[in-house]
Amino acid sequence: MRLIENWFSERYSENLQLSFRVKDQLLSVRTDFQRIDVFDTYDYGKLLTIDGTVQMSEYDEFVYHEMITMVPYYYVDHKPRSALVIGGGDGGTATRLSQIGIQEITNVEIDTQVVEVSKQFFPHLTSVFDRKGVNLLIQDGIKYLAETKQKFDLIIIDSTDPEGPAEGLFSKSFYENAKKALNPGGVFVTQSGSPYYQPKAIKMAYSGLSGIFSHVKPYTAFIPTYPSGFWSFTLATDSVRPLESNICKPGKYFNRDVLNGSFYLPQFVKELIGI
Ligand code: SAM
């Protein structure tokens with residue numbers, strides 16, 4: 001008897017890819033912006049991919065979503081009440097924000113299909129969009145930030161990599177608009193890719209934000225399903241250090257040690273961004 005195995009592979013380079021053995025492909029759809037696939041994998045549960053790149057898996061999404069919300073939360077120089085999320089149509093970031101006590105959330109996602117697909121396969125993450133105080137807008141986050149008069153304590157860029165519709169989310173003019181939309185003492189954070197396989201993202205984020213904010217601080221986390229497992233975020237603020245009085249309960253990945261330790265960068269990352 002011949003056994004047929006199915007695999008999804010994300011290619012990191014010409015010579016390397018990460019493969020997930022899959023039980024089934026649950027969906028594949030081409031939207032106006034990108035191609036979305038959902039797989040049921042053996043080791044990571046349901047896996048959402050966009051244009052062949054892993055966006056999140058059921059079993060390790062907690063790392064990314066805690067790190068993109070809880071770290072910046074503690075850098076706001078007052079108790080944060082409001083947040084803007086750009087991207088994040090899977091609902092994971094808005095869910096964590098809501099869990100840590102942020103009631104007013106505006107989530108701007110460009111692709112309505114990402115939300116619809118996530119409602120179907122990750123309803124525990126998208127249910128936040130029905131909550132009072134959470135406002136989901138389907139539009140381009142670049143245009144939204146250029147036009148909004150609203151101000152936020154936290155602005156979180158939970159985007160795809162700097163290509164296609166997300167490219168402008170890594171530009172200087174976008175960062176300038178983000179600064180204008182922050183309340184005094186507020187914090188901006190963007191996911192900035194794998195320093196090892198996607199050096200362009202962290203370089204664009206670091207150089208673009210420097211000169212606009214007085215403190216630009218990249219930090220990293222271990223996310224097994226992302227390229228190389230080593231992922232970066234870049235935080236920018238005009239306030240200086242975490243507000244100790246804000247320190248609260250740990251998450252599943254995040255704790256006080258991680259809050260401090262994730263800002264210690266390996267030498268090759270420092271050299272990449274020129275610090
Ligand atoms: N955790 C993920 C990662 O780092 O791979 C990101 C997940 S989230 C699904 C990324 C979202 O950003 C996608 O749904 C995509 O449609 C959205 N996006 C890309 N460009 C955008 C833009 N200009 N405005 C708003 N949303 C955008």
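Along the sequence shown, the residues carry numbers beginning at 1. We count ligands from 1, going down the list as the structure has it; atoms in each ligand are counted the same way.
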Numbered in order shown, the ligand 1 atoms found under 4.0 Å of a heavy atom of V108 are 25 (C), 26 (N)
Measuring from non-hydrogen atoms of [X] to any atom of ligand 1, is the shortest distance under 4.0 Å?
X: V54; answer: yes
X: M56; answer: no
X: E61; answer: no
X: Y64; answer: yes
X: Y226; answer: yes

Closest to atom 19 (C) of ligand 1 by heavy-atom distance, out of I86, I223, T160, is T160
At under 4.0 Å between heavy atoms, is it the side chain or the backbone of [X] that contacts ligand 1, or both, or neither?
X: V114; value: side chain
X: I110; value: both
X: Q191; value: side chain

Nearest non-hydrogen protein atom to atom 24 (N) of ligand 1, with distance, is G141 N, 2.9 Å
E10 meets the side-chain hydrogen bond (donor to acceptor under 3.5 Å, both in side chains) criterion, sequence neighbours left out, with none
Please determine, by modelled atom types, if D158 and Q191 share a side-chain donor-acceptor pair under 3.5 angstrom. no
- Message: If only side-chain N and O atoms count, and only distance matters, is there a donor-acceptor pair under 3.5 Å linking Q25 with D37?
- Response: yes
When you check the gap from the basic side-chain N to the acidic O, do K252 and E66 get nearer than 4.0 Å? no
Practice prompt. Considering only NZ, NE, NH1 and NH2 on the basic side and carboxylate oxygens on the acidic side, decide whether K200 and D161 come within less than 4.0 Å.
Written response: no
**Request:** Start with the C-alpha gap between K172 and E176, add the side-chain angles, then the distance that decides, and say whether salt bridge (Lys or Arg N to Asp or Glu O under 4.0 Å) holds.
**Result:** CA-CA 6 Å; K172 267 198 174 137; E176 273 158 4; over 6 Å; no
